[in-house]
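Below you'll find the structure, written out as structure tokens, and then a few comments.
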2 protein chains.
Amino acid sequence: MKKSITLKDIAQHFKVSVSTVSKALKDSHDISVEMKKKIDDYAKAHNYRPNPYAVNLRKKENKTIGVIIPNILNYFFAQVFSGIEKVANEKGYNLISCISNESLAKERNTIEILEKGLVSGLLISLAEGTEKSNDHEHLISFAENGIPIVMFDRVTDDIECDKVIVDDYLGAYNAVEYLVKSGCKNIAVISPLDNLNIGKQRLKGYTEALKAHNLEVNPNLIVKIFDLELFTAEIRALLTRNKVDAILGLEEFSAINAMNIAVSLGHKIPDDISIIGFTNGQLPKHVSPKVTSISQHGKYIGELATKKLIERIEGKEDDKPEYVTHKLKTSLILRESTRSIPE
Amino acid sequence: MKKSITLKDIAQHFKVSVSTVSKALKDSHDISVEMKKKIDDYAKAHNYRPNPYAVNLRKKENKTIGVIIPNILNYFFAQVFSGIEKVANEKGYNLISCISNESLAKERNTIEILEKGLVSGLLISLAEGTEKSNDHEHLISFAENGIPIVMFDRVTDDIECDKVIVDDYLGAYNAVEYLVKSGCKNIAVISPLDNLNIGKQRLKGYTEALKAHNLEVNPNLIVKIFDLELFTAEIRALLTRNKVDAILGLEEFSAINAMNIAVSLGHKIPDDISIIGFTNGQLPKHVSPKVTSISQHGKYIGELATKKLIERIEGKEDDKPEYVTHKLKTSLILRESTRSIPE
DNA sequence: ATGAAAGCGCTAACAT
DNA sequence: ATGTTAGCGCTTTCAT
């Protein structure tokens with residue numbers, strides 16, 4: 001066990017006091033230039049680094065950020081995470097990261113651990129379980145510690161903090177509008193996300209866009225999926241019992257799975273049915289036909305949220321007391337599963 | 001700022017000493033039952049938790065594990081990470097996680113930070129930059145601290161530690177053998193991974209399997225990709241200049257991209273050309289035809305590596321000095337891009 | 001220009 | 001059964 005070098009070791013080596021070394025390493029004006037140089041060189045040569053635990057114990061500040069993500073296998077969150085990591089790294093922060101696995105209990109447990117001064121700030125996107133139960137006590141309690149929080153994507157009004165969210169409403173609205181303009185009249189929507197606020201927002205964007213274009217909102221074309229086992233059956237039913245000329249998938253796999261079912265039923269894409277999905281991964285580019293998608297810019301969300309959090313951590317106490325919610329626009333990426341808009 | 005409660009606060013409240021409280025909370029036999037009960041209840045009521053920094057400063061031990069992953073957008077590593085997180089969480093460990101982004105410099109930097117006692121153990125898969133440069137000084141230095149390391153997937157012999165790897169050789173070997181048995185004779189291989197040992201192992205599995213079945217190893221059918229920009233051009237050249245009846249893709253997207261190019265060239269899958277890929281994500285299931293793949297069980301790798309690491313962390317000093325390398329079998333998951341083996 | 005001392009919160013050996 | 005003390009490594013105020 002290579003014991004790592006401390007201030008004391010350096011002090012003894014030069015037969016000076018610990019405080020001299022401490023100040024020298026901080027380039028204090030108290031210390032003579034020669035002394036500083038000697039100490040600095042020695043410290044570098046021996047690869048001195050302050051013990052982070054001692055520093056924290058003294059100063060009550062640390063360079064770590066807690067991250068709670070619902071599910072890292074979801075490409076969107078992986079993108080967000082890579083954005084978080086990038087900015088945190090640039091600013092010299094470490095990440096303590098946890099996956100809530102969509103569970104309220106795990107999210108709560110993690111927060112209780114982090115609460116005890118382990119982190120200087122928290123980045124969180126709510127677990128599905130949390131959104132369903134609408135229980136935010138653990139977050140409120142965490143916030144009372146005065147540790148800054150930034151919520152992203154899946155947020156709640158119950159917590160006052162900075163937020164970075166996606167304009168899901170507009171994303172869906174624009175997608176539907178595009179479908180209408182390209183000639184679709186019977187647009188179905190598939191939502192496996194009805195437990196989530198973002199799911200509700202997207203659905204609202206869908207209905208509002210239809211109304212804005214004087215199209216009837218047909219409840220038979222709104223398929224809410226609560227059990228993925230039934231996905232295929234429900235979509236087959238949708239497509240056989242109704243006239244459908246477009247499908248909007250609100251979640252990562254909905255659009256692509258629905259497209260595959262439609263194809264197996266003999267429909268031509270996009271001639272018979274257009275397809276658009278909220279999807280971020282590699283999938284839409286690699287399937288055939290390539291799927292038009294609504295991209296959420298996950299990496300940028302992560303970057304922005306982290307930047308805002310670090311500003312709060314490092315900012316003056318009462319710098320800007322008012323919290324801001326950044327609502328980011330999605331992009332509609334046109335590919336082969338939709339028709340073009342006639343001139 | 002809600003100031004969190006300390007032993008001292010509790011001690012003052014009951015007008016006893018700090019050590020009494022400390023012992024009481026540890027259920028020491030020194031302390032009377034009534035006292036313990038009082039203190040315990042009070043601590044619970046006030047949600048007391050020991051300050052992790054103070055504990056670490058005293059005891060030189062902490063419940064956190066460092067994780068260094070080359071790229072979280074790679075589904076395989078996301079799977080590994082979710083396995084790591086699961087086990088760590090079960091055992092009460094936190095994760096400090098970093099993405100090396102395939103860069104040696106970033107990997108080195110991260111390790112230097114973690115080295116200073118921030119973590120009790122390290123899980124790492126080498127960055128591509130590290131494998132290419134073959135520079136492992138930073139790891140050797142880290143290991144000298146006596147902090148246990150477990151390497152997974154991308155490992156090196158230069159470091160003596162427990163390792164969890166995939167039998168990439170056998171994975172490729174079995175895949176080629178399957179192709180041969182299903183009637184393929186001109187099997188091409190695509191490797192964008194020639195900088196990585198795992199890439200070399202897979203390639204070796206390919207050549208050895210051919211030899212074992214008395215098939216010539218044709219260098220024209222071995223395509224090493226060093227610049228992804230050229231992927232399409234190289235594969236088109238491969239398919240137009242040579243007779244090819246099967247393709248083995250050594251990396252996540254190689255097989256699927258090659259398949260799409262083959263289809264665009266008019267080849268039928270799997271009748272003209274069979275396709276197999278080393279790929280873990282959702283892709284092979286969702287494209288058409290569905291792609292036969294070699295699965296690496298990422299989540300299990302993460303779980304096993306973490307389990308082994310925690311055993312080292314918690315084990316007696318000289319418990320078992322000999323390190324073990326766990327080599328895990330891959331699975332060949334047959335889908336629609338390969339033909340069946342005749343009876 | 002340098003040093004002594006106190007203290008962050010906790011543990012553990014050693015009194016009482 | 002309870003308390004005293006020293007100390008982990010560092011910062012910082014107040015001497016000198």
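Throughout, protein chains are lettered first and strands after them, A, B, ... in sequence-line order, and every chain is numbered starting at 1.
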Of V18(B) and K15(A), whose closest DNA chain C nucleotide lies nearer the 5' terminus?
K15(A)
T6(A), nearest nucleotide to its side chain (from dA1(D), dC10(C), dC10(D))
dC10(D)
Between C1' on dA12(C) and CG on L25(B), what's the gap in Å once rounded to a whole number?
15 Å
Atom CG of N51(B) to atom P of dC8(D): distance rounded to whole Å?
18 Å
Does T20(A) make a side-chain N or O approach to OP1 or OP2 of dT2(C) shorter than 4.0 Å?
no
Hey, which sits more toward the 5' end of DNA chain D by its nearest nucleotide, K23(A) or L57(B)?
L57(B)
Using 4.0 Å as the upper bound for N to carboxylate O, is an ion pair formed by R49(A) and E112(B)?
yes
Can you tell me which nucleotide in dG9(C), dT2(C), dT2(D) comes closest to the side chain of K60(A)?
dG9(C)
Nearest-Å distance for atom pair CD/C1', residues E34(A) and dA1(C)
10 Å
Considering only dG3(D), dC10(D), dC10(C), which nucleotide approaches the side chain of Y48(A) most closely?
dC10(D)
Can you figure out which of dC10(D), dA12(C), dT12(D) approaches the side chain of K59(B) most closely?
dA12(C)
Between T20(B) and S17(B), is there a side-chain donor-acceptor contact under 3.5 Å, judged purely by atom types and distance?
yes
In whole angstrom, give the distance that lies between atom NZ of K36(A) and atom P of dA1(C).
9 Å
Out of dA4(C), dG3(D), dC8(C), which has the shortest distance to the side chain of S19(A)?
dA4(C)
From the list K36(B), K26(B), K37(B), side chain to side chain contact (heavy atoms under 4.5 Å, CB included) partner of I31(B) resolves to K36(B)
If I take atom OH in residue Y53(A) and atom P in nucleotide dC10(C), what distance separates them, rounded to the nearest angstrom?
16 Å
Rounding to an integer number of Å, can you tell me how far N56(A) CG sits from dG9(D) P?
16 Å
Whichever of A54(B) and H29(B) has its nearest DNA chain D nucleotide further upstream toward 5'
H29(B)
Go through dC10(C), dC8(C), dC10(D) for me and flag the one nearest to the P50(A) side chain.
dC10(D)
Check salt bridge (charged side-chain N to carboxylate O under 4.0 Å, His left out) between K44(B) and all other residues, then give those that pass, not counting sequence neighbours.
D40(B)
Distance-only donor-acceptor check, side chains N145(B) and E115(B), under 3.5 Å
yes
Separation of I10(B) atom CD1 from dC10(C) atom C1', in whole Å?
12 Å
Output the rounded distance in Å from CG (D30(B)) to P (dC14(C)).
14 Å
